[in-house]
Amino acid sequence: MPTFQAPRGTRDLLPADRVLWARAEASLRDLAARYGYREIETPLFEASAVFERGVGAVTDIVEKELFRVSPSRGEEREPWALRPEATAGIVRAYIEHGLHTQPQPVRLSLYGAMFRYDRPQAGRYRQFYQWDIEAIGDAGPAIDAEIIELGSRFYRSLGLAMVEARLNTIGDPVCRPGYLKALTAYYQTRIGEFPDLARTRLVSNPLRLLDSKDPAMVEINRHAPSMWDHLCDPCAEHFAAVRVHLDALGIPYRLSPEIVRGLDYYTRTTFEFVRPGAEGQQDALGGGGRYDGLVELLGGKPTPAIGFALGMDRIVHAMQEATAEGGAASADAAVPIAVIVGADPDDTVTRLRIATDLRATGLAVRADLARRKLGRQLEAAVRDGARYAVIVGDELPDGLVQLRDLGAASQKPVAVSALAALLRRKASAAGPG
RNA sequence: GUGGCCUUAGCUCAACCGGCAGAGCAUCGGAUUGUGGAUCCGAAGGUUAUGGGUUCGACCCCCAUAGGCCACCCCA
C-alpha cells in the first residue's frame, strides 16, 4: 500500500479518464456560450450561512452533509463551508456585484467541483463536479423551456439519447400551503400504513414523501391529492405555458408529479433528467427548477430565477457505458503528429532542439528523450499514436533527417529546414483519424 | 450517520485442511552495436490494506482501524 492515498470519497482522474471528461466539458462550454450563458466562477468555499440560509438550517444537507472548513489561525471568525452546490454562491455574487443593473435576465454558467461530506459510494463522491446554469431575473415560462431544452441538447450532444426529461410544478407561496394542508390531511388518514422513517418526515417535509421509493409509500401516493389540482391561476397558467413552449420546440418530456424540491424557495417549475434503466439510485443525471424566492432570502430584492445542475461524474459514467456498448471511442488530444527519434540515444540535445523548433510553429510533436536505442524509440512512437517519426542520424551534418511514415513503414530523407512546412501539410491533409 | 459484503504485484486474479506467495497483462532491459504494435529470453515489482491476537507455523482463524462497494439516510 502506498504511504498516501486520495482522501476518502475523492479520486484521481488519470489522463485516460480525462479524455472523456474533456469532451463533455468542451460540449457544455460550447453550448453555454451559444445560448448566451456566460461563465462565472465563485469561490470553492463561502460563509456557511450562505448555504445554511439558502438551503435551510434543519435539513440533512446542512446538519450532516455540509463540508465545513475552519481557518486554522487568524482573525477570521466566520465559519466556512465548501460549496455543496453552485446556486447559492452565484446568487450571492449576483447580489454582491449588483448584477440586477445588467440587462435581465442574467444568464450564467459555472462548471466546477462541489463538495459534500457524506458516506461515499459509486457515483457519489465527496468531491464531485457539476455544471450549473442559471437565468436570474426572468419570471416568464419561456426561459424555463429554454433551460430544459438546453439540458436535453447537452445530453444528446454526448450521445446520451436515452436521457429523459421529467417535468412538474410545485406551485408557489400562494397555492402551495393549501396543497400541503390537503396532502398532510390525506396522509394523516393513512398514517397507520406509514413506514417509520416516513412518519418523522410527515412533519419535517411532507412534500418529499411524494418521491419516496418505499413500496408502501408508493401505494399511498397513488391516491394522494395532486398539486396540479391546487394550483392558483398564475401557477397553472405558467405550467401550461412552459408545456406549450416545450411542445413547440419538440422536446419530449414526461409529466412526473413526484419531481419535488423540498426547499421553500423553490417555486413552480421543477424538472429532472433521468436515465431509465440505470442501476440503483444512479438514474438522476441532473435537475433543477425555478427558485423565485432565493434572491430575496439571501438579501437581495425579490427576483425570479431558474436554474439547473448536471452531475458530471454520472454523465461521464453514462458516456463510458455508451462507449463500451459500441459507441465511438473519443480521440486523445495529446497524440503527436510526429515523434523525434535518434540513432544516437545520447544526443538528446538535437532531438529536443528539433522538437522545440517544430512546436514553435504550432505543430504537436514530441521528442523521445529516454536514452534508449532507436528500435525502442520507434516502438514507443507507434504506441503513442504518432503518424510520423523524424529519425535523426548520420545525415544530420548534411542538414537531413529521415521522415518515416509509421503507418506505411516507408521513409525518405527531408531537409530539417523543410520539416515544419511538410509536417504541417501532412497534418492538415489527413486530419484527425 | 446505520447495516451488510469486500481488500494478495501498477491492473485482472491464483495459492489444497493453517505448511516456502504465483501467473497473465503492463513496465524496463536483451536477442551481434541505424529502424516498429509480433515472437523469444530476462529483470524489476509484495511487511498478502494497516495494527494487534491465536498458533510450532497465518494470505487463510479472531479483534480493531483504514479504504472500496451495496442497501439505507439524503440528494441543495
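First the proteins, then the strands, lettered A, B, ... as listed; each starts at 1.
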RNA chain B: A:Ser410 or A:Tyr125, which has the more 5' nearest nucleotide? A:Ser410
By the 4.0 Å heavy-atom rule, please label A:Glu395 as base, sugar-phosphate, or nothing. base
Using a heavy-atom cut-off of 4.0 Å across all strands, would you classify A:Asp394 as base, sugar-phosphate, or nothing? base
Can you give one letter per nucleotide of nucleotides 37-42 of chain B, 5' to 3': B if a protein heavy atom sits under 4.0 Å from the base, S if only from the sugar-phosphate, - if neither? B-----
If we call it a pair only when both distances are under 3.5 Å in a Watson-Crick or G-U wobble match, what pairs with B:A71? B:U2
If B:G18 has a Watson-Crick or G-U wobble mate with both distances under 3.5 Å, name it; if not, just say none. none
Tell me the interatomic distance from A:Arg372, atom CZ, to B:G36, atom C1', rounded to whole angstroms. 12 Å
Using the C1' atoms only, state how far B:A71 lies from B:G53, rounded to an integer number of Å. 32 Å
Would you confirm whether A:Tyr37, through its side chain, and A:Leu31, through its main-chain N or O, come within 3.5 Å as a donor-acceptor pair? no
Between A:Pro7 and A:Ala409, which is nearer to the 5' end of RNA chain B once each is assigned its nearest nucleotide? A:Ala409
Pairwise C1' distance for B:C16 and B:A21, with rounding to whole Å: 14 Å
Interatomic distance at P, B:C6 relative to B:A14, whole Å: 13 Å
So do A:Asp172 and A:Cys232 actually touch side chain to side chain, heavy atoms under 4.5 Å? yes
For atom C1', what is the distance between B:A49 and B:C59, given to the nearest Å? 12 Å
In whole Å, I'd like the distance from the CZ atom of A:Phe4 to the P atom of B:U50. 16 Å
Can you check the distance between B:A31 and B:G51, where both ends of the measurement are the P atom (answer in whole Å)? 42 Å
Classify the angle between the aromatic ring planes of A:Phe273 and A:Phe271 as parallel (below 30°), tilted (30 to 60°) or perpendicular (above 60°). perpendicular
A:Arg11 bridged to A:Asp313 by N-O distance under 4.0 Å: yes
Does A:Lys373 have a side-chain nitrogen or oxygen under 4.0 Å from the phosphate oxygens OP1 or OP2 of B:A31? yes
Compute the centroid of each ring, for A:Phe45 and then for A:Trp80, and state whether the two points are separated by less than 6.0 Å. yes
Taking atom C1' in both B:C13 and B:U8, compute the distance separating them and give it to the nearest angstrom. 9 Å
Just how far, in rounded Å, is C1' of B:C75 from CG of A:Leu66? 14 Å
Could you identify the nucleotide paired to B:U55, looking across every strand shown and requiring Watson-Crick or G-U wobble geometry with both distances under 3.5 Å? none
Rounded to the nearest 0.5 Å, what separation is found between the CG atom of A:Leu28 and the CG atom of A:Leu310? 8.5 Å
Is any N or O donor-acceptor pair between the side chain of A:Arg124 and the base of B:C74 shorter than 3.5 Å? yes
Both distances below 3.5 Å, Watson-Crick or wobble geometry, any strand: find the nucleotide opposite B:A23. B:U12
For the side chain of A:Leu378, counting heavy atoms from C-beta on, which of B:G36, B:G67, B:C75 is nearest? B:G36
Atom-to-atom span, CZ of A:Arg8 to P of B:U65 - whole angstrom: 12 Å
Partner of B:U7 by Watson-Crick or G-U wobble geometry, both contacts under 3.5 Å, or none? B:A66
What is the distance from CG of A:Leu374 to C1' of B:G36, rounded to the nearest Å? 9 Å
Does A:Gly9 reach a base, just sugar-phosphate, or nothing at all? Heavy atoms under 4.0 Å. sugar-phosphate
Where does the angle between the aromatic ring planes of A:Tyr117 and A:Phe67 fall among parallel (under 30°), tilted (30 to 60°) and perpendicular (over 60°)? perpendicular
Searching all strands shown, indicate the nucleotide that pairs with B:G36 (Watson-Crick or G-U wobble; both distances under 3.5 Å). none
Heavy atoms under 4.0 Å, any strand shown: does A:Asp132 hit a base, just sugar-phosphate, or nothing? nothing
For the side chain of A:Gln121, counting heavy atoms from C-beta on, which of B:G30, B:G67, B:C70 is nearest? B:C70
Salt bridge flag under 4.0 Å for residues A:Arg116 and A:Glu85: no
Distance check, P atoms only: B:G42 and B:G57, in whole angstrom units. 37 Å
Spacing of A:Leu66 atom CG and A:Arg83 atom CZ [to the nearest 0.5 Å]: 13.5 Å
Could you tell me how far apart A:Asp12 (CG) and B:C11 (P) are, to the nearest whole angstrom? 12 Å
Considering only the C1' atoms, how many Å lie between B:U54 and B:G18, rounded to the nearest integer? 12 Å
Between the side-chain atoms of A:Gln377 and the base atoms of B:G34, is any donor-acceptor pair under 3.5 Å? no
Starting at OH of A:Tyr388 and ending at C1' of B:G36, how long is that distance when rounded to a whole Å? 16 Å
Just name whichever nucleotide pairs with B:C28, Watson-Crick or G-U, keeping both distances under 3.5 Å, else none. B:G42
Has the side chain of A:Arg119 got a donor or acceptor atom sitting under 3.5 Å from an opposite partner on the base of B:G3? yes
Nearest-Å distance, CG (A:Asp118) to P (B:G1)? 10 Å
dist A:Ser410:OG -> A:Asp405:CG (nearest 0.5 Å) comes out at 5.0 Å
